[in-house]
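This report refers to the structure that appears directly beneath it.
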Amino acid sequence: MRTTQLYAPTLRETPAEAEVVSQKLMLRAGMIRKAAGGIYTYLPLAWRTLKKIEQIIREEMDEAGGQEISMPIVQPSELWKETGRWAVYGEEMFRLKDRHDREFCLGPTHEEMVTSLVRDEVRSYKQLPLMLYQIQNKYRDEIRPRFGLMRGREFIMQDLYSFDKDEAGLNVSYQKMYDAYSRIFTRCGLQFRPVEADNGAIGGGHSHEFTVLADAGESNIVYCTACDYAASDEKAELKPVEAAAEEMQPLETIATPGMKTIELVAESLHVPFEKTIKAVAFQNEKDEVVLAFVRGDHDVNEVKLQNLTGALTLRMADDAAIQAVGGVPGFMSPIGIKKGTQIVVDATVMGMYNAVAGANAMDAHYKNVNPKRDFIEVTAADIRLIKDGDPCPHCGAPVKMTRGIEAGQVFTLGTKYTEALHATFLDENGKEKPLVMGCYGIGVSRTMAAAIEQNNDEQGIIWPRAIAPFEVVVVPVNAKVPEQLALAETIYAALKGAGVDVLLDDRKERAGVKFKDADLIGYPVRITVGPKAVEENIIEVRTRRTGNTQNFTPDDYLDEVLALLKTL
RNA sequence: CGGGGCAUGGCUCAGUUUGGUAGAGCACCUGGCUUGGGACCAGGGGGUCGCAGGUUCGAAUCCUGCUGCUCCGACCA
């Protein structure tokens with residue numbers, strides 16, 4: 001490929017809309033252009049990278065026993081109504097009607113589609129296990145699309161669905177996918193971590209997220225400094241902390257005018273955070289109030305609370321709702337709340353003695369609160385959000401937190417969808433059973449963005465070789481000098497002949513322009529052909545990541561470049 | 001959904017307060033000159049100032065409505 005033939009309009013200035021590094025760089029490098037909020041056109045450079053990522057995925061999926069198919073983007077509402085998700089999915093689903101007024105959606109995912117496909121054709125355990133996958137556009141009408149390709153409304157996803165005859169088979173399929181995903185991200189040259197994850201709305205059994213480590217990431221993960229435990233912060237479990245036992249003092253009301261935050265209370269009463277109890281009020285999708293209580297220095301893990309209470313969604317409760325159940329916003333405690341209200345107290349709180357909590361009265365708190373004695377009709381459970389330094393649930397060593405981008409996730413689904421859609425088979429005994437299902441997804445376009453988030457500097461992108469749009473760019477310093485262009489052509493042809501994905505920057509631009517563009521787009525290797533090359537037979541090979549330049553001769557540069565590429 | 005902000009040539013923005021015939025830089029075209037890190041000189045093309053109303057002799061500028069984009073808001077109990 002030659003730059004004069006390549007549609008890659010680079011920008012010197014960053015468009016105002018760009019928020020995150022990957023988005024800025026992809027816009028500037030001429031890789032993407034925005035069509036609407038969260039919807040982008042992929043230009044040739046981006047498309048090449050996406051195809052490379054997809055190719056790696058295809059190879060690993062096929063190796064693991066997957067078969068590629070392509071399912072419709074436009075999906076009829078009937079199937080979604082069968083599983084109940086037509087209602088559950090809510091406004092996140094793009095919906096449309098055809099001319100006959102029949103309802104469709106743009107597929108946000110394909111469980112329904114693939115299950116209906118399989119239920120009509122799979123009759124016998126002899127046809128199992130079965131793994132089908134596709135790489136395809138997905139549509140989710142996000143409330144607030146942002147961060148470029150990281151949270152788009154249209155995005156490319158690889159999704160595989162496994163069907164087994166039993167749990168044991170599912171576990172084998174799950175492990176195969178887990179391993180395949182690990183290989184995929186490794187081959188893409190990314191630093192990542194598989195972490196235990198919450199299943200979320202998709203339901204089912206256990207799950208892992210594949211998180212690409214990057215500070216710009218939206219998800220927090222924790223990992224143990226001693227053992228191999230790693231989990232998303234939403235998932236990470238915590239054992240209750242038992243405070244040192246004290247004699248329980250009688251409950252006492254104290255005036256705390258205007259002290260609506262736990263910080264104010266702790267400070268003015270000279271009580272450590274560890275002796276305070278914080279209240280957080282939520283409302284679920286049915287507008288029922290759910291009250292959560294954690295220690296003053298802890299935070300509520302909404303996902304845990306959601307799973308525990310069976311809520312589909314949780315949001316902050318408004319004051320009126322809190323008052324309706326007998327709570328006083330800013331001064332709340334489980335004591336004196338209307339009967340029948342859902343009250344969840346973190347297990348650690350239950351182990352506290354003589355603590356400070358709201359008094360459920362304006363401008364007042366209780367002293368000497370002893371949850372074991374004073375909290376009645378509450379649910380005690382782990383609802384706390386893990387933080388840096390907390391003990392690992394496996395070995396107790398302190399955990400560390402880091403940020404990452406969720407690029408892939410694997411789930412066991414069990415029979416949730418196959419039962420709803422009556423996808424059954426006959427087992428060895430002729431007995432009808434629902435297929436046991438797993439689903440596995442990689443955000444392909446998001447992986448590209450994640451790769452950039454993880455690999456960039458002030459000058460631009462630094463592609464890992466495996467997913468770079470081109471592996472090498474050959475730059476004649478002055479394309480108007482025939483000798484330089486001729487030598488560049490020779491090198492270009494030689495690399496191409498050796499199977500290297502190479503670009504020749506044959507534009508009649510000044511050298512600086514071509515260098516800047518090369519750095520911005522981030523080709524792993526640049527070969528500069530200038531006067532030195534023509535007159536002294538020196539071929540300069542520059543590594544984008546390190547900025548190091550090595551000089552080779554026309555005889556040995558080819559082998560050296562091939563060897564260098566293997567390390568990038 | 002609630003609250004801000006923005007909308008002027010392909011991009012980044014000025015001009016709006018105080019109405020008076022639309023600007024800069026970059027990009028683009030032509031010529032010259034230049035070619036190892038986003039040159040320079042000269043000439044040139046390109047804008048219904050988001051849309052629709054209104055006020056006015058006159059509106060990018062003031063008023064009303066709409067649309068689009070964008071940012072913030074989900075641990076405050």
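Proteins come first, then strands; the chains are lettered A, B, ... in the order of their sequence lines, and each starts at number 1.
- Taking atom CD of residue A:E509 and atom C1' of nucleotide B:rC28, one finds them 12 Å apart after rounding to whole Å.
- Judged by closest nucleotide on RNA chain B, A:T14 is the one of A:T14 and A:F515 placed further toward the 5' end.
- Taking atom C1' in both B:rG23 and B:rU67, one finds a spacing of 27 Å when rounded to whole Å.
- The gap from the P atom of B:rC62 to that of B:rG47 amounts to 25 Å, rounded to the nearest Å.
- Taking atom C1' in both B:rG20 and B:rA60, one finds a spacing of 13 Å when rounded to whole Å.
- A:L314 comes within 4.0 angstrom of no nucleic acid atom, judged by non-hydrogen atoms across all strands.
- Side-chain contact, A:R545 with A:N455: a donor N or O sits under 3.5 Å from an acceptor N or O.
- Nucleotides B:rA59 and B:rG54, compared at atom C1', are 11 Å apart to the nearest Å.
- Side-chain N/O atoms of A:N478 and base N/O atoms of B:rG36 include no donor-acceptor pair closer than 3.5 Å.
- With hydrogens and angles left out, the side chain of A:R12 and the base of B:rG37 share no donor-acceptor pair within 3.5 Å.
- When both pairing distances are held under 3.5 Å, B:rC69 makes a Watson-Crick or G-U pair with B:rG5.
- Considering only the side chain of A:P15, B:rU12 comes nearest among B:rA77, B:rG37, B:rU12.
- The base of B:rG25 sits with one of its N or O atoms less than 3.5 Å from a complementary donor or acceptor on the side chain of A:E13.
- Comparing A:E302 and A:K34 against RNA chain B, the residue whose closest nucleotide sits nearer the 5' end is A:K34.
- A donor-acceptor contact under 3.5 angstrom links the side-chain atoms of A:K480 to the base of B:rU34.
- Cation-pi geometry between A:R526 and A:F515 is met: under 6.0 angstrom from the ring centre, within 45 degrees of the axis.
- For A:A16, taking side-chain heavy atoms from C-beta onward, the closest of the listed nucleotides B:rG37, B:rC13, B:rA77 is B:rC13.
- One can place OH of A:Y7 at 10 Å from C1' of B:rG10, the figure rounded to the nearest angstrom.
- Side-chain contact between A:M352 and A:R295 is present, with heavy atoms from C-beta onward closer than 4.5 Å.
- In the set B:rG38, B:rU35, B:rG37, B:rU35 carries the atom at the smallest distance from any side-chain atom of A:V477.
- For the pair A:L305 CG and B:rA74 C1', the computed distance is 13 Å after rounding to whole Å.
- The same atom, C1', is picked in B:rG45 and in B:rA39; the two are 23 Å apart, to the nearest Å.
- Cation-pi geometry between A:R95 and A:W80 is not met: the NZ or CZ atom fails to fall both under 6.0 Å from the ring centre and inside 45° of the normal.
- One can place CG of A:L27 at 12 Å from P of B:rU70, the figure rounded to the nearest angstrom.
- Annotation: B:rU12 and B:rG50 have their P atoms spaced 15 Å apart (nearest Å).
- The partner of B:rU48 is absent, by the rule that a Watson-Crick or G-U pair needs both atom distances under 3.5 Å.
- When Watson-Crick and G-U wobble pairs are counted only if both distances are under 3.5 Å, B:rA24 pairs with B:rU12.
- A donor-acceptor contact under 3.5 Å is formed by the side chain of A:R526 with the base of B:rG37.
- Here A:Q283 lies out of heavy-atom contact (under 4.0 Å) with every strand.
- Among the nucleotides B:rG37, B:rC75, B:rU35, the one closest to any side-chain atom of A:D299 is B:rC75.
- B:rC6 and B:rC13 have their P atoms separated by 13 Å, given to the nearest Å.
- For the pair A:H298 NE2 and B:rA77 P, the interatomic distance rounds to 14 Å; values are reported in whole Å.
- Residue-level contact check: A:P9 touches neither bases nor backbone, having no heavy atom under 4.0 Å from any strand.
- Nucleotides B:rG9 and B:rU48, compared at atom P, are 9 Å apart to the nearest Å.
- What separates CG of A:L487 from P of B:rG36 is a distance of 17 Å, to the nearest Å.
- Using a 4.0 Å cut-off, some side-chain N or O of A:R510 falls inside it from OP1 or OP2 of B:rA39.
- Base pairing annotation: B:rA60 forms no Watson-Crick or G-U wobble pair, as no partner gives both donor-acceptor distances under 3.5 Å.
- At a threshold of 4.5 Å between non-hydrogen side-chain atoms, the residues A:L291 and A:M332 count as touching.
- Computed from coordinates, the A:Q323 CD to B:rA77 P distance equals 17 Å when rounded to whole Å.
- The residue A:R507 sits apart from the nucleic acid: no heavy atom pair falls under 4.0 Å.
- The heavy-atom pair separating A:E453 from A:A214 by the smallest distance is CB-CB, 4.1 Å.
- Listed for the A:D501 side chain is no donor-acceptor partner under 3.5 Å among the backbone atoms of A:E471.
- In this structure, the nucleotide among B:rG36, B:rA77, B:rG25 sitting nearest to the side chain of A:K278 is B:rA77.
- In this structure, A:R28 atom CZ and B:rC11 atom P are separated by 16 Å, rounded to whole Å.
- When distances are taken from the side chain of A:T528 to each of B:rG36, B:rG37, B:rC75, the shortest belongs to B:rG36.
- Under the 3.5 Å distance criterion, with hydrogens and angles disregarded, no donor-acceptor pair is assigned to the side chains of A:T3 and A:D506.
- Contact annotation for A:K508: no contact, since no heavy-atom pair falls under 4.0 Å across all strands.
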